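Since the structure comes first, as structure tokens, the remarks are kept for the end.
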Protein chains: 2
Amino acid sequence: MDVHTAAETGTRARTRRAILDAAVTVLTADPAAALADIAAAAGVGRTTVHRYFPERAELLTALSKHVWDQVVEATHRARLDEGTAAQALGRLCQEYFDLGTVLTLVFNDPAQAETWDECSPTDLAVLDLIGRGHRDGTIDPAFSAAWVRDLLWALLYSAWQQSTTGQVSRHDALDACLRALRKVIAP
Amino acid sequence: MDVHTAAETGTRARTRRAILDAAVTVLTADPAAALADIAAAAGVGRTTVHRYFPERAELLTALSKHVWDQVVEATHRARLDEGTAAQALGRLCQEYFDLGTVLTLVFNDPAQAETWDECSPTDLAVLDLIGRGHRDGTIDPAFSAAWVRDLLWALLYSAWQQSTTGQVSRHDALDACLRALRKVIAP
DNA sequence: TACTAGTGGAACATCGATGTTCCACTACGG
DNA sequence: CCGTAGTGGAACATCGATGTTCCACTAGTA
């Protein structure tokens, strides 16, 4: 069957996906959740989880990669090199926001820090974008690139917080997030 | 001896304090850390930890209260009713920043959420302060009170992040944090 | 000096999460 | 209809964290 090299068959891919999605949901709520909880959330048996990810660490690694791939895609969709840097940063903010609380998972997990490499191409692209904003005058040079990047994440975290606790609609949360971002980076 | 009602003797108070401080440090780095790690960090035996906090949950509760007390004190020191609301919010930001990463602990712990009551007097005082800012014209009314409060935490988180990773000095991190805060809330 | 509070460590029992094995069941394509 | 991929569940072994008990040690103090 050569399962390892070829793409997995439909059923297997679907089950694998279901487990990863459930893991995102459950682990976001409780990073120390047991595999049994994840299996239940995915609607599969605990045995099946072990069939796809023999060890917990492997599930976490795959999960990290799963989320990471989404980040790379989202960053790509934001077309960082089009328009002014401030506009591109706004698009990036929207794209990341759509990924949901997923990101807080890997973002806060110290064990997966190596996967979330600060020097990854994506992170560098974001820093470059902010540097471009410093030069094209659409981002306040008084704030360092690293600070603006961290600020972006912090604002997203707040926005997710607001929309999760149910006080605010997703749309309003994103709107406030974008307005705050623009105000801060405005030169 | 009536240990329970009277204040604890010097030695006991000191040991208790050492355990709580160590717990803050260790649990901030890894929320799932074992009691043995906390004991080691505190420089006491694991048995001693159990002597002060028979169950892990009791340690977490005491820890939460420990941190919470610091927040209440910091809020008080910020003298929220003096000067303009924007000035007071700046002072509050500084006071909270000085508490360090301690706050991210309770802030992120879902199990301790009830202690961190959203409707606590302190939280209400902060929301009132922002409301005052809306009226006295020093805080942009386009941002709701809850959003500004969450924003404050988000900025603090970023600032701590920056100063922890060692790229930026504590002073510079706080400075950037305050400047960002002022820019966002400026009407 | 003797007494006591406080401590550290060894040893043990317990519990929950993890990982493994095995078997029965179901869906599905030949 | 039969064989196979995929699955669920029971049962078991293991491991680490937790909680408990007991005893020996040390620093103060009457």
Side-chain angles (χ1 to χ4, degrees), chain A residues 1-64 105 109-112, chain B residues 1-64 66 105 108-112:
Chain A
M1 259 315 207
D2 208 359
V3 180
H4 299 86
T5 58
E8 290 185 314
T9 165
T11 309
R12 282 192 66 86
R14 215 178 318 126
T15 306
R16 187 187 158 90
R17 185 62 176 259
I19 294 173
L20 286 176
D21 287 344
V24 168
T25 307
V26 174
L27 291 181
T28 299
D30 174 17
L35 293 186
D37 299 334
I38 298 174
V44 303
R46 192 170 68 91
T47 316
T48 301
V49 174
H50 277 97
R51 234 172 238 126
Y52 285 79
F53 310 98
E55 295 187 4
R56 183 189 175 90
E58 292 189 37
L59 172 60
L60 295 184
T61 303
L63 188 59
S64 188
L105 246 192
D109 189 358
Q112 301 294 324
Chain B
M1 262 315 209
D2 210 359
V3 179
H4 299 87
T5 57
E8 291 185 313
T9 165
T11 309
R12 283 193 66 87
R14 216 178 317 126
T15 304
R16 187 187 157 90
R17 185 62 175 260
I19 294 174
L20 285 176
D21 287 343
V24 168
T25 307
V26 174
L27 292 180
T28 299
D30 175 17
L35 293 186
D37 298 335
I38 298 174
V44 303
R46 192 171 67 92
T47 317
T48 302
V49 173
H50 278 97
R51 233 173 239 125
Y52 285 79
F53 309 98
E55 296 187 5
R56 184 189 175 91
E58 293 188 38
L59 172 61
L60 295 184
T61 303
L63 188 60
S64 188
H66 182 62
L105 245 192
N108 287 327
D109 188 359
Q112 302 293 324

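Fair warning: this is a prediction, and the values are worked out from it, not measured in the lab. All chains are named by letter (A, B, ...) in the order of the sequence lines, taking the proteins before the strands, and each is independently numbered beginning at 1.
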Item checked: side chain to side chain contact (heavy atoms under 4.5 Å, CB included) partners of A:Val49, counting only residues at least two apart -> A:Ile19, A:Ala39, A:Val44
Next item on the list: Take B:Thr15 and B:Arg51 through the test side chain to side chain contact (heavy atoms under 4.5 Å, CB included) and record every step on the way to the result.
Entry: CA-CA 11 Å; B:Thr15 304; B:Arg51 233 173 239 125; over 6 Å; no
Checklist line | Length of the line joining A:Arg12:CZ and D:dA5:P, which is rounded to integer Å | finding: 11 Å
Margin query: Less than 6.0 angstrom from the centroid, inside 45 degrees of the normal: does B:Arg12 satisfy that with respect to the ring of B:Tyr52?
Written below: yes
Check: Does A:Thr15 place a side-chain N or O at less than 4.0 Å from the phosphate oxygens OP1/OP2 of D:dT7?
Finding: yes
Margin query: Closer than 3.5 angstrom, by distance alone: can the side chain of B:Thr61 be matched with the main-chain N or O of B:Ala57 as a donor-acceptor pair?
Written below: yes
Check: Looking only at side-chain N and O atoms, does B:Tyr52 come under 4.0 Å of OP1 or OP2 in C:dT7?
Finding: yes
Give every pair of a protein N or O atom and an N or O atom of nucleotides 18-25 of chain C that lie under 3.5 Å apart, one pair per line with the distance.
from	atom 1	to	atom 2	distance (Å)
C:dT18	OP1	A:Arg56	NH1	2.4
C:dT18	OP2	A:Leu35	N	2.8
C:dG19	OP1	A:Arg56	N	3.3
C:dG19	OP2	A:Arg56	N	3.1
C:dG19	N7	A:Arg46	NH1	3.1
C:dG19	O6	A:Arg46	NH2	3.0

Note to self: Check this one for me: any side-chain N or O of B:Thr48 less than 4.0 Å away from OP1 or OP2 of C:dG8?
What the structure shows: yes
Note to self: What verdict does the side chain to side chain contact (heavy atoms under 4.5 Å, CB included) test give for A:Leu27 and A:Leu60, after you've listed the backbone C-alpha separation in whole Å, the side-chain angles of each residue and the deciding distance to 0.1 Å?
What the structure shows: CA-CA 10 Å; A:Leu27 291 181; A:Leu60 295 184; 3.8 Å; yes
Next item on the list: Could you go through the side chain to side chain contact (heavy atoms under 4.5 Å, CB included) check for B:His66 and B:Asp21 one step at a time?
Entry: CA-CA 9 Å; B:His66 182 62; B:Asp21 287 343; 3.6 Å; yes
Note to self: Just the rounded figure in Å: distance from P of D:dA17 to CG of B:Leu59.
What the structure shows: 16 Å
